[in-house]
> 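Before anything else, here's the structure in question.
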Amino acid sequence: MSYMQLSEQEIVRRENLQKIIETGVNPFPAEMFEKNTTSAEIHANYDAEKNNFQEVVIAGRIMQKRIMGKASFAEILDNTGRIQIYVNRDEICPGEDKTLYNTIFKKLLDIGDFIGVKGYAFTTKTGTLSIHVSELTILSKALRPLPIVKTDAEGNVHDAFTDPEQRYRMRYVDLVVNPEVKEVFRKRSKILSSMRRFFDDRDWLEVETPVLQAIHGGAAARPFKTHHNTLDMPFFLRIANELYLKRLIVGGFEGVYEIGKMFRNEGMDRTHNPEFTSMEIYVAYKDYIWMMEMVEQCLEYIAKEVNGTTKVMYDGNEIEFAGPYVRMSMYESIEKYTGVDVSEKSEDEMRAFCKELHIPVDPSMGRGKLIDEIFGEKVEANLIQPTYITDYPLEMTPLAKKHRSKEGLVERFELFINGKEIANAYSELNDPIDQRQRFADQLELAKRGDDEAMVLDEDFLRSLEFGMPPTSGLGIGMDRLTMLLTGQHSIQDVLFFPQMKAEKK
RNA sequence: GAUCGGUUAGCUCAGCUGGUAGAGCAACGCCCUUUUAAGGCGUGGGCCCUGGGUUCGAGCCCCAGACCGAUCACCA
């Protein structure tokens with residue numbers, strides 16, 4: 001970048017940097033700066049009576065400067081929040097040389113620069129807790145102006161940094177300038193850590209399985225393709241890790257889970273990012289009914305850990321995460337919202353019913369897919385409070401065990417909250433002969449034109465042939481769960497760096 | 001992928017039927033020792049997303065494109 005392309009403000013900051021160097025001060029010092037407290041700690045615990053915090057050392061970014069001559073106020077922002085500092089010329093420059101105050105602090109330090117200060121806490125005439133500064137150290141210089149959001153007395157907002165494109169592309173600026181963004185990501189971290197704690201307390205093992213897979217099994221989605229040079233073979237970025245986790249159950253672990261990125265080469269919108277975080281867990285000797293209770297306990301625990309309550313306001317609805325959740329079979333849910341019992345309908349009758357409901361159909365759709373279409377169109381959006389939909393048609397679910405008593409169905413549930421799928425679980429299919437047949441059925445669907453049909457994984461079948469205990473498995477979309485628990489409406493707002501097109505120039 | 005909307009100063013946004021490009025905040029200069037949107041006075045700052053076209057003249061009109069957003073489609 002040439003000097004000519006810099007904005008006026010960038011040029012000024014580079015000149016200020018140079019002038020600081022010329023006064024003999026290093027604007028990017030190498031040595032550590034030892035803080036002894038934080039802005040939040042002082043705010044929480046300062047007590048004028050006790051006269052505490054008389055030797056504080058803090059560091060952060062300058063967010064505002066109010067210069068008044070021989071004394072000034074500024075605000076600095078650390079990881080915990082803002083605090084005001086009071087800088088008096090003759091206190092930071094006790095001798096004849098007033099350069100540090102007159103030149104460096106007043107003129108050469110800009111909003112966005114990192115400084116460290118030593119001093120004591122006090123309250124100003126107007127009652128604002130501040131740090132009376134005795135020593136001031138430059139820790140790092142900012143060369144670009146930071147848009148600091150301010151609200152004036154009439155409530156007008158100045159300098160808001162709101163353009164979604166800019167916020168996502170320059171998340172580092174967004175995080176500095178919009179404090180509520182940090183809070184969302186702190187909660188995201190807490191959701192992940194509390195979920196791990198919940199599982200770890202039950203002695204289930206966190207594991208890692210391959211991201212690069214030769215066969216993209218375990219789900220139906222278009223994958224990203226890549227290539228390994230030394231092996232000279234194509235690989236896919238995983239669309240799911242289900243088949244690997246089940247191999248570990250075959251191997252003798254009785255509870256394994258993985259929290260990790262999945263990659264799907266498909267459309268992007270408010271609820272889809274090409275890479276997203278999923279949690280999958282498999283527990284041996286359990287079934288999907290047990291799993292429903294586990295999920296209720298787990299989500300209740302996480303909600304409490306993250307928000308201190310099991311209730312969350314979202315889209316004007318108060319969602320209650322404490323169980324038990326409503327349970328409804330897929331057929332029951334369709335009957336409830338269309339008034340029609342479809343459980344006995346043949347594929348042709350189902351297709352006719354779809355037309356009656358004005359749902360578009362095509363010949364590649366089997367009976368299961370048609371049911372799914374009706375469900376998606378008529379039922380899904382109504383499921384605001386956490387609701388389990390159970391017992392799915394067999395042909396849509398090639399990895400789940402046949403229902404213990406209901407013909408043509410599998411033991412599966414999905415959890416819906418606020419009209420969106422949050423979790424998906426099965427009593428896992430562990431009969432290798434049945435599993436092979438299901439893969440074969442998928443192949444038939446693919447021949448009919450269903451491009452979402454699942455791919456056969458011969459090694460996975462081999463593992464089942466060695467024997468897998470009865471197992472229940474669950475997947476949760478962590479990004480969508482985070483959206484719910486943090487009140488966000490776009491997946492981009494719960495990802496630090498959402499995928500975007502390349503920036504021009 | 002389709003439709004609609006957006007793109008103008010560091011940030012947020014005005015800009016009429018086409019006629020020398022504006023505001024607030026930020027920046028710069030001077031004044032000011034407890035302010036808090038500090039204040040007062042003054043100053044500078046623009047490939048108006050890109051490329052074509054119409055016109056005496058385009059930020060504005062037309063065509064093509066880029067990027068972002070919303071809705072839909074797709075994505076169990």
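Every chain is numbered from 1, with letters handed out A, B, ... down the list of sequences. Bear in mind the structure is a predicted one, so any value in this text is a computation, not a measurement.
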> Over how many whole Å does the gap from Leu129(A) atom CG to U35(B) atom P extend?
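In whole Å, U35(B) P and Leu129(A) CG are 16 Å from each other.
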> For Ser72(A), which contact category applies under a 4.0 Å heavy-atom criterion: base, sugar-phosphate, or nothing?
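The answer is nothing, as Ser72(A) stays clear of every strand by at least 4.0 Å.
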> Roughly how many Å apart are C62(B) and A26(B), using the C1' atom of each and rounding to a whole number?
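It comes out at 38 Å once rounded to the nearest Å.
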> Between Lys141(A) and Phe114(A), is NZ or CZ placed under 6.0 angstrom from the six-membered ring centre and within 45° of the ring axis?
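Cation-pi check for Lys141(A) and Phe114(A): fails.
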> 5'-most contact on RNA chain B: Asn16(A) or Thr124(A), nearest heavy atom basis?
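The residue whose closest nucleotide sits nearer the 5' end is Asn16(A).
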> Name the closest nucleotide to the Arg169(A) side chain, picking from G10(B), C67(B), A76(B).
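Among the listed nucleotides, the one closest to the side chain of Arg169(A) is C67(B).
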> Suppose we define a pair by two distances each less than 3.5 Å, Watson-Crick or G-U wobble; what does U35(B) pair with here?
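Answer to the pairing question: none, since U35(B) forms no Watson-Crick or G-U pair.
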> Count the heavy atoms belonging to other residues, nucleotides or ligands that lie under 6.0 Å from NZ of Lys182(A), then report whether that count exceeds 12.
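Atom NZ in Lys182(A) is packed in, count exceeds 12.
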> Starting at atom CG of Leu394(A), determine the distance to atom C1' of A76(B), rounded to an integer number of angstrom.
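Roughly 15 Å, once rounded to whole Å.
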> How far, in whole Å, is C60(B) from G53(B) if one measures between their P atoms?
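It comes out at 14 Å once rounded to the nearest Å.
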> Under 4.0 Å: is that the gap between some side-chain N or O of Gln64(A) and OP1 or OP2 of A38(B)?
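Yes, within the criterion.
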> Could you pull out all residues at least two apart from Ser72(A) that satisfy side chain to side chain contact (heavy atoms under 4.5 Å, CB included)?
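Expected list: Ile67(A), Tyr101(A), Phe105(A).
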> Measuring only the C1' atom in each nucleotide, how far is U8(B) from U50(B)? A whole number of Å is fine.
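Straight-line distance between the two C1' atoms is 15 Å.
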> Using both distances under 3.5 Å as the test, list the Watson-Crick or G-U wobble partner of G5(B), or none.
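Here G5(B) is engaged in a pair, and the nucleotide opposite it is C68(B).
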> For atom P, what is the distance between G6(B) and C13(B), given to the nearest Å?
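The answer is 13 Å between these two P atoms.
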> Evaluate side chain to side chain contact (heavy atoms under 4.5 Å, CB included) for Asp110(A) paired with Lys65(A), printing each intermediate quantity in order.
CA-CA 8 Å; Asp110(A) 295 300; Lys65(A) 277 169 79 186; 5.6 Å; no
> In whole angstrom, give the distance that lies between atom NZ of Lys150(A) and atom C1' of C13(B).
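Result: 17 Å.
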> By the 4.0 Å heavy-atom rule, please label Phe122(A) as base, sugar-phosphate, or nothing.
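Contact class for Phe122(A): base.
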> Suppose you measure atom C1' in G52(B) against the same atom in A58(B); what distance do you get, rounded to whole Å?
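Nearest-Å result for G52(B) against A58(B) at atom C1': 13 Å.
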> So does Glu8(A) reach the base of A27(B) with its side chain, donor to acceptor, closer than 3.5 Å?
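No, no donor-acceptor pair under 3.5 Å.
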> Once you apply a heavy-atom cut-off of 4.0 Å, does Asn424(A) come out as touching a base, just sugar-phosphate, or nothing?
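Touches nothing.
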> Starting at CE of Met500(A) and ending at C1' of A66(B), how long is that distance when rounded to a whole Å?
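Taking CE of Met500(A) and C1' of A66(B), I get 13 Å after rounding.
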> Atom CD of Glu91(A) to atom P of U33(B): distance rounded to whole Å?
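The distance from CD of Glu91(A) to P of U33(B) comes to 15 Å, rounded to the nearest Å.
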> State the pairing partner of A14(B); accept Watson-Crick or G-U wobble contacts with both distances under 3.5 Å, and report none otherwise.
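Matched A14(B) with nothing under the 3.5 Å cut-off.
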> Taking the P atom of each, how far is C32(B) from U7(B), in whole Å?
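Each nucleotide's P atom is 44 Å from the other's.
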> Starting at atom CZ of Arg66(A), determine the distance to atom C1' of C31(B), rounded to an integer number of angstrom.
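Rounded to whole Å, this separation is 19 Å.
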> In terms of side-chain heavy atoms of Glu266(A), which of G69(B), C28(B), A76(B) is nearest?
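Of G69(B), C28(B), A76(B), A76(B) is nearest to the side chain of Glu266(A).
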> Strictly by Watson-Crick or wobble contacts shorter than 3.5 Å, is anything paired with C56(B), and which nucleotide is it?
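Base-paired to G19(B).
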> Report yes if a side-chain nitrogen or oxygen of Gln492(A) is closer than 4.0 Å to either non-bridging phosphate oxygen (OP1 or OP2) of G69(B); otherwise report no.
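It does, given that an N or O in the side chain of Gln492(A) lies less than 4.0 Å from OP1 or OP2 of G69(B).
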> Reckon Glu75(A) touches a base, only the sugar-phosphate, or nothing at all at heavy-atom distances under 4.0 Å?
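Result for Glu75(A) = nothing.
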> Would you say NZ of Lys118(A) has more than 12 non-hydrogen atoms from neighbouring residues, nucleotides or ligands within 6.0 angstrom?
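No - once you tally the heavy atoms of other residues, nucleotides and ligands closer than 6.0 Å, there are 12 at most.
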> If you go through the side-chain atoms of Gln84(A), does one of them form a donor-acceptor pair with the base of U35(B) closer than 3.5 Å?
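Yes, the side chain and the base share a sub-3.5 Å donor-acceptor pair.
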> Expressed in angstrom and rounded to an integer, what is the separation of Asp372(A) atom CG from C74(B) atom C1'?
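Whole-Å distance recorded here is 14 Å.
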> Does a side-chain N or O from Arg144(A) land closer than 4.0 Å to OP1 or OP2 of A26(B), or not?
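No.
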> With both distances under 3.5 angstrom, what nucleotide forms a Watson-Crick or G-U wobble pair with G44(B)?
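Paired with no nucleotide.
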> Could you give the distance separating C61(B) and A14(B) at their P atoms, to the nearest angstrom?
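Per the computed distance, 15 Å lies between those P atoms.
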> If you check every side-chain atom of Asp159(A), which of U33(B), C68(B), G24(B) has the closest atom?
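Nearest listed nucleotide: G24(B).
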> Without decimals, in angstroms, what is the distance between Ile422(A) CD1 and A76(B) P?
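Ile422(A) atom CD1 is separated from A76(B) atom P by 16 Å.
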> Could you check whether Lys107(A) gets within reach of a base, just the sugar-phosphate, or nothing at all, counting any heavy atom under 4.0 Å?
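Here Lys107(A) touches the backbone only, sparing every base.
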> If you take the centroid of each ring, where Trp contributes its six-membered ring, are Tyr325(A) and Tyr388(A) closer together than 6.0 Å?
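Yes, close enough.
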> When you get a sec, tell me which of C28(B), U33(B), C11(B) is the closest nucleotide to the side chain of Asp110(A)?
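Nearest listed nucleotide: C28(B).
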> Using a heavy-atom cut-off of 4.0 Å across all strands, would you classify Ile67(A) as base, sugar-phosphate, or nothing?
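Contact class for Ile67(A): base.
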> Does Arg167(A) put a side-chain nitrogen or oxygen below 4.0 Å from OP1 or OP2 of C68(B)?
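Indeed not, no polar side-chain atom of Arg167(A) lies that close.
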> With sugar-phosphate meaning primed atoms plus P, OP1 and OP2, does Arg270(A) contact a base, only sugar-phosphate, or nothing at under 4.0 Å between heavy atoms?
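Sugar-phosphate contact only - Arg270(A) comes under 4.0 Å of backbone atoms but never of a base.
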> Considering residues, nucleotides and ligands other than Glu183(A), do more than 12 of their heavy atoms fall under 6.0 Å from its CD?
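Yes, CD of Glu183(A) has more than 12 neighbouring heavy atoms, counting only those of other groups under 6.0 Å.
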> Just checking Arg13(A): base, sugar-phosphate only, or nothing, at a heavy-atom cut-off of under 4.0 Å?
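Nothing, no nucleic acid heavy atom in range.
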> Nearest to the side chain of Pro164(A), heavy atoms from C-beta on, is which of U12(B), A27(B), G69(B)?
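Nucleotide nearest to Pro164(A)'s side chain: G69(B).
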> Hey, which sits more toward the 5' end of RNA chain B by its nearest nucleotide, Asp269(A) or Phe73(A)?
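On the 5' side of the pair lies Phe73(A).
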> Using a strict threshold of under 4.0 Å (side-chain N to carboxylate O), is an ion pair present between Asp434(A) and Lys401(A)?
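Answer for the salt bridge query: no.
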> Distance check, P atoms only: C47(B) and A70(B), in whole angstrom units.
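Rounded to whole Å, the distance is 29 Å.
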> Does Arg412(A) count as lying over the ring of Tyr392(A), i.e. NZ or CZ under 6.0 Å from the six-ring centre, within 45 degrees of the axis?
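Yes.
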> Determine: side-chain N/O of Gln166(A) to OP1/OP2 of C11(B), distance under 4.0 Å, yes or no.
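Looking at the OP1 and OP2 atoms of C11(B), one of them is under 4.0 Å from a side-chain N or O of Gln166(A).
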> Mind checking if Phe416(A) touches a base, just sugar-phosphate, or nothing, with heavy atoms under 4.0 Å?
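Touches nothing.
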